[in-house]
Amino acid sequence: MLIAGASLAGLRTAEALRDAGFGGRITLVGDEPHPPYDRPPLSKQVLSGWVGADQTELPALRAVDADWRLGAAAADLDLAGRSVGLADGARIAFDQLVIATGARARPWPVAAEAALDGVFVLRTRGDAAALRARLAARPGRVVVIGAGFTGCEVASSCIDAGLPVTVVEATGAPLLRALGDTIGAFAADLQGAHGVDLRTGVAVAGFEDDGTGRLAVVVLGDGARVEATVAVVCLGAAPNVEWLAGSGLAAGPQGLLCDSACRALDTAGQPVAGVFGAGDVVRIEHPRFPGEPLRTEHWGAACEQAAVAGANILRADPDLRRIDALPAFWSMQFGACLKLAGAPERADATVLLQGSVESGRFVVGYGRGDRLVAVATVNQAHWLSFYEAQIRAGAAFPPTYRRVDAPISPQKELAS
Ligand SMILES: Cc1cc2nc3c(=O)[nH]c(=O)nc-3n(C[C@H](O)[C@H](O)[C@H](O)COP(=O)(O)OP(=O)(O)OC[C@H]3O[C@@H](n4cnc5c(N)ncnc54)[C@H](O)[C@@H]3O)c2cc1C
């Protein structure tokens, strides 16, 4: 049994295999030199200095008795020959394979500018340690490029550290792409209230250095120039699928395509015997959200897919387990706790379900047609399980059930 990718999804797959009674040899190949560690704290507790980047090791749920090949990247997959080639030239034969190679931060697209001293991305323990060290040296203004979850959390950690921050976001508001207008407007106000210099509707055009290879100015598309010695590029993540090129698996820029049993699909859309996928690397068919497969990049999804893949390695049709959990995500930023369940990317309209945006405590519902497909809570996490049950039950949208602290006439808005 070979697991490629030795992080959250890889570790949890190995644990699931042992839970299911697998007594054979498990080899875990990971290109990072560290044992599996947890990424969510990197943009939160690590950047704020609460814990060191080296204090994020993932707790094991059980002993896995695996052969760990750390610092070894999988470089190619020979499906017919049932083997994986490593970057160091070694080849490992497998009878079953789990692909859990996750994703990497999208770098700034101009290589010479990305290489300037002071330009950072945030995905790994090393990235977080380097950025934290630079922030601790009090560099002056920090420019965050991209206001998705990671960008907002980085900005929040910088504000907590007392550093001036400019956030540049190409769309009209932070978190707009992921969560729509209502939360986007709230997030923009929140950033403003915390002193962030938020520039929306404008992209970064490039970086200028000080003549010695250090970042000096971030130039925006509208001609504005922001003097800064630190820029954090938060432009999302790209799945690590390049090593699967030419293997016959359906893998591309959107990830490795898997069915709802976490079986990897080939380019003809058929499951490949003994090959599974889990975590941020996959794009997966979700039984609750038919249509386009989902690429969720969420901690909880990686754990569920690992559990399903690990269990199915020892099963066959019709006993295969299927993923079932709603996609779920959390984020902490500027003192607010955001939680999400469901698939807001499927929504065509939103509605305020509870509370008020002004109070900073509210719940937004996302509907597709007449069904609730997702919900996001802001400082109202205790209601999430109720709404998860509603989504699972196929509740109507806009809702007809009783709610606490609900607006008198919920206003339905088209999702952006
Ligand atoms: C800064 C940050 C904050 C986050 N915050 C949250 C949060 O608040 N809530 C939430 O739900 N999720 C959050 N996430 C997402 C969450 O961490 C991921 O969903 C989770 O890490 C996915 O686990 P994974 O094992 O699939 O992928 P990864 O964690 O990316 O691990 C994949 C591993 O495979 C390795 N690898 C890549 N290519 C190869 C290869 N060719 N050969 C061998 N090994 C390879 C990688 O180096 C890596 O070690 C956050 C992510 C980041 C980066």
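Just so you know, ligand 1 is whichever comes first in the structure, and atom 1 is the first atom listed for that ligand. Just so you know, residue 1 is the first one in the sequence shown, and it goes up from there.
- For Y366 and F397, the ring centers sit 6.0 Å or farther from each other.
- Residue E297 approaches ligand 1 through these ligand atoms, each under 4.0 Å from one of its heavy atoms: 15 (C), 19 (O).
- The pair R104-E242 meets the salt-bridge criterion, since a charged nitrogen lies less than 4.0 angstrom from a carboxylate oxygen.
- Polar contact with ligand 1: present for R123 (N/O pair, distance under 3.5 Å).
- When the heavy-atom distances from atom 1 (C) of ligand 1 to S43, C234, G30 are ranked, the shortest goes to S43.
- Below 4.0 Å from some heavy atom of G279 lie the following atoms of ligand 1, by number and element: 26 (O).
- Comment: R25 does not engage D95 in a salt bridge, judged by the lack of any side-chain N to carboxylate O separation of less than 4.0 angstrom.
- A salt bridge does not link D127 to R134: none of the charged nitrogens lies less than 4.0 Å from a carboxylate oxygen.
- Across every non-hydrogen atom of A105 and V121, the tightest pair is CB-CB, 3.8 Å.
- A salt bridge between D324 and R288 is present, with a side-chain N of the basic residue lying under 4.0 Å from a carboxylate O of the acidic one.
- The shell of residues lying under 4.0 angstrom from ligand 1, judged by heavy atoms, includes A100.
- Taking a cut-off of under 4.0 Å to the non-hydrogen atoms of W299, the atoms of ligand 1 that pass are 10 (C), 11 (O), 12 (N), 19 (O).
- Those atoms of ligand 1 that come under 4.0 Å of a heavy atom in K44, given as number and element, are 5 (N), 6 (C), 7 (C), 8 (O).
- Heavy-atom proximity to atom 52 (C) of ligand 1, evaluated over R39, E32, R12, is greatest for R39.
- With S43 contributing its side chain and E153 its backbone, the two residues share no donor-acceptor pair below 3.5 Å.
- Of the protein's heavy atoms, W330 O, 3.5 Å lies nearest to atom 7 (C) of ligand 1.
- Near D280, with a cut-off below 4.0 Å to any heavy atom, the atoms of ligand 1 are 18 (C), 19 (O), 20 (C), 22 (C), 26 (O).
- Nearest protein heavy-atom contact of atom 43 (C) of ligand 1 is D31 N, 3.4 Å.
- We find that R91 and D76 are joined by a salt bridge, their nearest charged nitrogen and carboxylate oxygen being less than 4.0 Å apart.
- Contact atoms of ligand 1 toward A103: 30 (O) (distance under 4.0 Å to a heavy atom of the residue).
- Taking 4.0 Å as the cut-off between side-chain N and carboxylate O, E292 and R283 count as a salt-bridged pair.
- From the protein, the heavy atom lying nearest to atom 10 (C) of ligand 1 is F329 CE1, 3.3 Å.
- The existence of a salt bridge linking R18 and E15 is excluded, since no basic side-chain nitrogen approaches an acidic carboxylate oxygen closer than 4.0 Å.
- Of all protein heavy atoms, the one closest to atom 37 (C) of ligand 1 is T101 O, 3.1 Å.
- Which parts of ligand 1 touch V29 is read off a 4.0 Å heavy-atom cut-off, strictly below it: atoms 43 (C), 44 (N).
- The nearest heavy-atom contact from the protein to atom 14 (N) of ligand 1 is P40 CG, 4.1 Å.
- Nearest-heavy-atom check against atom 40 (C) of ligand 1 across G102, G5, A9, A74 picks out A74.
- Scanning all heavy atoms of the two residues, the minimum distance from L17 to G310 falls at CD2-O, 3.7 Å.
- The protein heavy atom nearest to atom 31 (O) of ligand 1 is S7 CB, 3.0 Å.
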